[in-house]
Amino acid sequence: MTMPYPFTAVVGQDDLRLALLLNAVAPNVGGVLVRGEKGTAKSTAVRALAALMPEIEAVPGCRFSCDPANPDPVCPDGPHDPGLATRRHTALVELPVGASEDRLVGALDIERALAEGTKSFEPGLLAAANRGILYVDEVNLLHDHLVDLLLDAAAMGASYVEREGVSVRHAARFLLVGTMNPEEGELRPQLLDRFGLTVEVAASREPDQRVEVVRRRLAYDDDPAGFAARWADEEAAVRARIVAARELLPSVRLGDGALRQIAATCAAFEVDGMRADIVMARTATALAAWAGRTDVLAEDVRQAALLALPHRRRRNPFDAPGLDEDKLDETLEEFSGESDPGDEDPDPDGPGGGGQPPQDGPDGDDSPAGDVPAQGEPSEGDGQASAAPGGGEQSPVRAAEPFRTKMLSVPGLGEGAAGRRSRARTEHGRTTGARRPQGALTKLHLAATVQAAAPHQRVRGRSGPGLVIRRDDLRQASREGRESNLVLFVVDASGSMAARQRMSAVKGAVLSLLLDAYQRRDKVGLVTFRGKDAEVALPPTSSVDAAAARLESLPTGGRTPLAAGLLRAHEVLRVERLRDPERRALVVVVTDGRATGGPDPVALAGRAARLFAADGVASVVVDCESGPVRLGLAGQLSGELGATAVNLDELRADSIAGLVRDVQGSRGNGRRAA
């Protein structure tokens, strides 16, 4: 077995190491979410933490790691004999993104349960992680049904496995650690809030530090055992410090002054609920114990806020996590008492320090984009931006405020990944029928199983009250739910769209559709066309905030190569079908329907549109044409695409609802008038 990379050999990443160590000292802090770009030692540090965790005592032979001092009274492997104990390493259990539900929670033998009344249970990963670490790499890509199971187990400290009235319960208390690359999509708010702390990691830009990273990694790859031996003393020292901090933790005093600072900070940053206050209190207490102190200081509260609050301040996926550190310092200063020893600026290298690594904080630029002078409506002839010098390109404009959009879906019944958009055959949803199981039985259709077994009871020699069940009698429930789709935006950024007010509304509409795609768990892509060609501004991804960033910086101007945009989108879909053939696509074309530039651009655009129609691609045309005189070109395009056509106003869900009410009201009035 390969030696894990030593925790103390990780170069830099002070926040990451501190957050993991605080959870080792106080597991009730609630785990860590590590966000950062690829290749930043996220997984390496998490796997190395397990080697530093103190050993635990467990009941011998118990598959659920029951504590001998307080065994689970309903443990499936119980009851346990008192006094028996064995020591074992803290378990590090990794949950693969593509794991099945049975792999996570365990499997129950339905055939034996029905025929014999025997609960034959094979534990899953939640059982293995009890009293240990549950690590989820790429946690943002985890399927929704697995996220729901994790939420339930994290909230209750137990896992329930139920199959048609037969249930098994076991303890599932674990330290949840997740890593993710934000470019691949964000986490659901419910799961995000379950992580006690979050840290942002990035590769160092200092050459000397990067050289040291490479030097240590090469040395480890050449001789893992020898490299680990060279760091054994440092590892032992940190392990001993964790044990000492755990012993000191019950003696740490969290005074009223520190509690007021915690409450004031959470209120000032408008975090939802009370979990943030509790996590901050536990984190500040763990920081004091880690530093060898019995009093919580203002510096502990500040560090706890930087670790526990950034991910709780996000209101939508387009908000960047982070805290305004000046506002944090002002709040702590305002609520610091005269007797609070944390008023002075702490020295991180002083005797009480050691738990306070340098904080760089978020340095993203939140200032609004420069005000762009309003541009006049371009001429209809060539599609050029009339007021834009030097080639017809205008500066990007800000998007209008997003709104709740009308539900757009792919017709028919798909079989793609679970989501919330289009109808599909899924493992979760309403039961629509029964079939013979292919492979392991996961969802029993009880009525169909009994119906299949009933005619054979006399032949099988049934003599008691129970049914004689055979494997061939079992029926799998067929279920219908919702799937996620690939929503590919094809956005016209030409001069005919370049009027400032119109482009702001268009960007607001696309931003609203992106937010809808995030909520429905879709993948998104962005193709833009302007000037002479089209480009893939964002290949298909689960990161809607990346798409929003590309949209925000989108310049406009030039001619309208509509055919090029459609053909580029068609190529993106072709490649994506090879990668993920089960995921159906929904193409959203945002344009006024004009086509200019090159020989016969209108006919070329028509042929490109009919290519989409021949492939049966579901599509929607968002008509952006405005003004009292309208040419209706977007409507013609939707006809050639075989698409649904809506204008910008019709995208609003409240507008659609109002229209329905008006129609119903007029019908009612008509009946009354009659």
**Report entry** Where Cys75 and His80 come nearest, the two heavy atoms and their spacing
**Finding:** SG-NE2, 3.5 Å
Query raised in the report: Side chain of Arg239, backbone of Ala51: donor and acceptor closer than 3.5 Å?
Result: yes
Query raised in the report: Can you check whether Val97 reaches Leu146 side chain to side chain, under 4.5 Å on heavy atoms?
Result: no
Query raised in the report: What residues form a side chain to side chain donor-acceptor pair (under 3.5 Å) with Arg216, not counting sequence neighbours?
Result: Glu212
Query raised in the report: Hey, does the side chain of Asp221 reach the backbone of Leu218 with a donor-acceptor pair shorter than 3.5 angstrom?
Result: no
Requested in this report: Could I get the full list of ring pair (Phe, Tyr, Trp, His ring centres under 6.0 Å) partners for Tyr5, not counting sequence neighbours?
Outcome: Tyr220, Phe227
Report summary line: Smallest heavy-atom separation, Arg17 atom then Gly12 atom, equals NE-O, 3.1 Å
Report task. For Leu150 and Leu134, work out which heavy atoms get closest and say how close. Result -> CD2-CD2, 3.5 Å
Query raised in the report: Do the side chain of Arg103 and the main chain of Gly124 share a donor and acceptor less than 3.5 angstrom apart?
Result: no
Report task. State, with a plain yes or no, whether a side-chain heavy atom of Leu126 is found less than 4.5 Å away from one of Leu104. Result -> yes
Query raised in the report: Would you say the side-chain atoms of Arg521 pair up with the backbone N or O of Gln519, donor to acceptor, closer than 3.5 Å?
Result: yes
Requested in this report: Determine the minimum heavy-atom distance between Ser159 and Ala172, stating which atoms define it.
Outcome: N-CB, 4.0 Å
Report summary line: Applying side chain to side chain contact (heavy atoms under 4.5 Å, CB included) to Glu55 and not counting sequence neighbours gives Arg87, His89
Query - Heavy-atom pair of closest approach, residues Thr90 and Pro54 - result: OG1-O, 2.8 Å
Query - Contact list for residues 245-258, test side-chain hydrogen bond (donor to acceptor under 3.5 Å, both in side chains), sequence neighbours left out - result: Arg253-Asp295
Query raised in the report: Is the side chain of Glu200 donor-acceptor paired with the backbone N or O of Gly36 at a distance under 3.5 Å, no angle test?
Result: no
Query raised in the report: Are Leu16 and Val34 close enough that some pair of their side-chain heavy atoms sits under 4.5 Å apart?
Result: yes
Requested in this report: For Asp473, check salt bridge (Lys or Arg N to Asp or Glu O under 4.0 Å) against everything at least two apart and list the hits.
Outcome: Arg460
Report task. Tell me, please, which residues at least two apart from Ala276 pass side chain to side chain contact (heavy atoms under 4.5 Å, CB included). Result -> Cys266, Val271, Leu309, Arg312
Report summary line: CZ of Arg131 to CD1 of Ile56, rounded to nearest 0.5 Å, is 4.0 Å
Query raised in the report: Nearest 0.5 Å, what's the CD-CG distance between Glu37 and Asn181?
Result: 8.0 Å
Report summary line: Those residues at least two apart in sequence (or on a different chain) that pass side chain to side chain contact (heavy atoms under 4.5 Å, CB included) with Asp329 are Arg302
Query raised in the report: Just wondering, do Leu328 and Phe269 contact through their side chains at under 4.5 Å, heavy atoms?
Result: yes
**Report entry** Atom pair CG/CD1 of Asp277 and Ile262 - distance to nearest 0.5 Å
**Finding:** 8.0 Å
Sequence neighbours excluded and cut-off under 3.5 Å, please list the side-chain donor-acceptor pairs for residues 43-50, or say none.
| from | atom 1 | to | atom 2 | distance (Å) |
| --- | --- | --- | --- | --- |
| Ser43 | OG | Tyr135 | OH | 2.6 |
| Arg47 | NE | Glu94 | OE2 | 2.8 |
| Arg47 | NH2 | Glu94 | OE1 | 3.1 |

Report task. Could you list all the side-chain hydrogen bond (donor to acceptor under 3.5 Å, both in side chains) pairs where at least one residue sits in residues 57-69, not counting sequence neighbours? Result -> Arg63-Asp77, Ser65-Arg88
Donor-acceptor pairs under 3.5 Å, side chain of residues 19-27 to any protein atom, not counting sequence neighbours: which ones?
| from | atom 1 | to | atom 2 | distance (Å) |
| --- | --- | --- | --- | --- |
| Asn23 | OD1 | Gly31 | N | 2.7 |
| Asn23 | ND2 | Ala19 | O | 3.0 |

Requested in this report: For Ser100, check side chain to side chain donor-acceptor pair (under 3.5 Å) against everything at least two apart and list the hits.
Outcome: none
Query raised in the report: Would you say the side chains of Glu234 and Thr8 form a donor-acceptor pair under 3.5 Å?
Result: no
Query raised in the report: So do the side chains of Thr431 and His445 get within less than 4.5 Å of each other, counting heavy atoms only?
Result: yes
Query raised in the report: What's the verdict on side-chain contact (heavy atoms from CB on, under 4.5 Å) for Val199 and Leu307, showing C-alpha distance, side-chain angles and the deciding distance?
Result: CA-CA 6 Å; Val199 290; Leu307 292 172; 3.6 Å; yes
Query raised in the report: Mind checking whether Leu84 and Pro68 have side chains closer than 4.5 Å, heavy atoms only?
Result: no
Requested in this report: May I have the step-by-step check of side-chain contact (heavy atoms from CB on, under 4.5 Å) for Val201 and Arg35, ending in yes or no?
Outcome: CA-CA 6 Å; Val201 296; Arg35 298 164 44 93; over 6 Å; no
Query raised in the report: So, His311 side chain and Phe195 main chain: donor-acceptor pair closer than 3.5 Å or not?
Result: yes
Report task. Measure the shortest side-chain to side-chain distance between Leu33 and Val177 over non-hydrogen atoms and say whether it is less than 4.5 angstrom. Result -> no
Query - Gln261 side-chain N/O to Ala298 backbone N/O, donor-acceptor pair under 3.5 Å - result: no
Report task. Specify the closest pair of heavy atoms between Ala291 and Arg241, including all atoms of both residues, with the distance to one decimal. Result -> CA-NH2, 4.1 Å
Query raised in the report: So how far is it from Leu176 CG to Ile133 CD1, rounded to the nearest 0.5 Å?
Result: 11.0 Å
Requested in this report: Would you indicate whether the side-chain heavy atoms of Lys42 and Met180 approach each other to under 4.5 Å?
Outcome: no
Report summary line: Separation between CD (Glu325) and CG (Leu332), nearest 0.5 Å, reads 11.0 Å
Requested in this report: Mind checking the CZ-NE2 spacing from Phe64 to His170? Nearest 0.5 Å is all I need.
Outcome: 5.5 Å
Report task. Output all residues satisfying side chain to side chain contact (heavy atoms under 4.5 Å, CB included) with Arg173, sequence neighbours left out; order by chain, then residue number. Result -> Asn130
